[in-house]
Amino acid sequence: MLSLLYQEGPSTEGIFRRSGSAKTCKELKEKLDSGAEVDLACESIFVTASLFKDFLRNIPGSILSSQLCDKWVSVMDQGNNEEKIKSIQRLIEQLPRANVVLLRYIFGVLHGIEMRSEENQMNAFNLAICIAPSLLWPPVSSTPDIESEFTKKISSLVQFLTENCCRVFGEEITSLFGEI
């Protein structure tokens, strides 16, 4: 999925914003869940993006860990960019290794899409709005006002991470997918 998103996402207007066919997504999700072979290259890239966001939303406790929710939310309230980056790196060190590996690939994809935002209309802000709710959610439900404020803060964090992914994860993030 990520490889396809890395290849096609940067040239696809509205990637992550436009949804794939709900029926196709449901059918493919069922096939994937059953272990059946699925060729996503034959599907719309919007279906792949929708499936990927669904996958992220189904990670128990979220990829950024709901246990660290308050710490993630407070990162953007810190001082300058260097302090924010150091705080983010400390939080990343507290995540399971599998989460960190997946995060690196996710932000490698987002970075590639952002680099061609004039073509795809998906700058870091737009990407964050679309993907942030799939990366972290509060451990307990709350009022709509609190959830709205939470979503804004997490979107701001994801935008910052996308814009600064090379400093957070290292320059090699731009070559994770090699020469596809």
Side-chain angles (χ1 to χ4, degrees), residues 1-10 12 15-17 29 32 40 45-78 80-117 120 122-139 147 150-180:
M1 271 190 226
L2 282 169
S3 180
L4 266 174
L5 290 168
Y6 180 79
Q7 288 173 7
E8 295 185 30
T12 304
I15 191 69
F16 291 117
R17 178 180 288 145
K29 183 176 192 263
L32 287 167
L40 291 173
I45 192 64
F46 298 108
V47 168
T48 302
S50 295
L51 282 171
F52 185 65
K53 289 194 312 185
D54 180 71
F55 165 77
L56 291 173
R57 284 189 296 271
N58 283 291
I59 293 175
S62 81
I63 190 167
L64 292 175
S65 179
S66 293
Q67 293 177 330
L68 300 173
C69 193
D70 292 339
K71 293 177 182 177
W72 283 114
V73 170
S74 68
V75 164
M76 296 310 292
D77 296 333
Q78 297 184 13
N80 63 31
N81 285 356
E82 286 306 314
E83 291 170 8
K84 289 174 186 164
I85 288 169
K86 283 183 178 26
S87 293
I88 289 168
Q89 289 171 329
R90 282 192 297 272
L91 286 170
I92 288 171
E93 288 172 4
Q94 297 177 52
L95 296 173
R97 174 95 178 109
N99 293 39
V100 176
V101 170
L102 182 54
L103 277 173
R104 289 173 53 85
Y105 279 95
I106 291 168
F107 282 98
V109 168
L110 295 179
H111 175 73
I113 293 169
E114 180 205 20
M115 293 288 86
R116 293 186 38 201
S117 63
N120 59 43
M122 294 302 288
N123 59 25
F125 175 81
N126 293 336
L127 287 166
I129 294 294
C130 296
I131 201 106
S134 301
L135 298 178
L136 182 66
W137 49 87
E147 284 187 23
F150 175 83
T151 301
K152 285 180 192 171
K153 287 185 176 195
I154 294 307
S155 293
S156 175
L157 170 69
V158 172
Q159 177 181 350
F160 182 84
L161 274 165
T162 303
E163 292 169 344
N164 295 280
C165 67
C166 292
R167 292 174 60 203
V168 172
F169 294 105
E171 289 294 329
E172 67 277 3
I173 197 167
T174 60
S175 60
L176 286 174
F177 291 91
E179 294 297 320
I180 294 180

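All values below were derived from every heavy atom in this structure, side-chain atoms included, with hydrogens, water molecules and symmetry-related copies excluded.
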Are any non-hydrogen side-chain atoms of Ile154 and Leu64 less than 4.5 angstrom apart? no

Any heavy-atom pair between the side chains of Cys130 and Met122 that's under 4.5 Å? yes

Which heavy-atom pair separates Ile113 from Asn120 by the least distance, and what is that distance? O-ND2, 2.9 Å

With rounding to the nearest 0.5 Å, note down the distance linking OG1 in Thr12 to CG in Leu5. 8.5 Å

Residues that Lys84 engages under side-chain contact (heavy atoms from CB on, under 4.5 Å), provided they are two or more places apart: Val75, Met76, Gln78, Asn81, Phe160

With rounding to the nearest 0.5 Å, note down the distance linking OG in Ser87 to CD1 in Ile92. 11.0 Å

Counting only heavy atoms not in Phe125, do more than 12 fall under 6.0 Å of its CZ? no

Which atom pair, heavy atoms only, marks the closest approach of Trp137 to Leu56? CH2-O, 3.6 Å

What are the two closest non-hydrogen atoms of Leu127 and Ile15, and how far apart are they? CD2-O, 4.5 Å

With a 4.5 Å heavy-atom cut-off, do Lys29 and Leu32 have their side chains touching? no

Are side-chain heavy atoms of Val168 and Ile173 found at a separation under 4.5 Å? no

Donor-acceptor pair, distance only, cut-off 3.5 Å: does the side chain of Arg17 make one with the backbone of Asn126? no

Counting C-beta onward and ignoring hydrogens, is there a side-chain heavy-atom pair between Lys153 and Asp77 closer than 4.5 Å? yes

How are the rings of Phe52 and Phe16 set relative to one another: parallel (under 30°), tilted (30 to 60°) or perpendicular (over 60°)? tilted

Nearest-0.5 Å distance, CZ of residue Arg90 to NZ of residue Lys71: 10.5 Å

Thr174 to Tyr6 - nearest heavy-atom pair and separation: O-OH, 3.7 Å

Which heavy atom of Leu136 sits nearest to which heavy atom of Ser62, and what is that distance? CD1-OG, 3.2 Å

Report yes or no: does Ser155 contribute a side-chain atom to a donor-acceptor pair with the main-chain N or O of Lys152 at less than 3.5 Å? no

Yes or no on side-chain contact (heavy atoms from CB on, under 4.5 Å) for Ile131 and Thr162, after CA distance, side-chain angles and deciding distance? CA-CA 11 Å; Ile131 201 106; Thr162 303; over 6 Å; no

Are Ile88 and Asn164 side-chain neighbours, meaning at least one heavy-atom pair lies under 4.5 Å? no

Just wondering, are more than 12 heavy atoms of other shown residues or ligands nearer than 6.0 Å to CG in Asp70? no

How close do Ala128 and Gln159 get, heavy atom to heavy atom, and via which atoms? CB-N, 3.5 Å

Rounded to the nearest 0.5 angstrom, the CE-CG distance for Met115 and Asn123 is 10.5 Å

Under the side-chain contact (heavy atoms from CB on, under 4.5 Å) rule, what do Ile59 and Leu102 come out as? Steps first, then yes or no, please. CA-CA 11 Å; Ile59 293 175; Leu102 182 54; 4.1 Å; yes

With side chains defined as the heavy atoms from C-beta onward, is the minimum distance between His111 and Leu176 less than 4.5 Å? no

Between CG of Leu157 and CH2 of Trp72, what distance do you get to the nearest 0.5 Å? 6.0 Å

Could you list the residues that satisfy side-chain hydrogen bond (donor to acceptor under 3.5 Å, both in side chains) with Glu8, not counting sequence neighbours? none

Output the distance between atom CZ (Phe177) and atom CG (Leu2), rounded to the nearest 0.5 Å. 5.0 Å

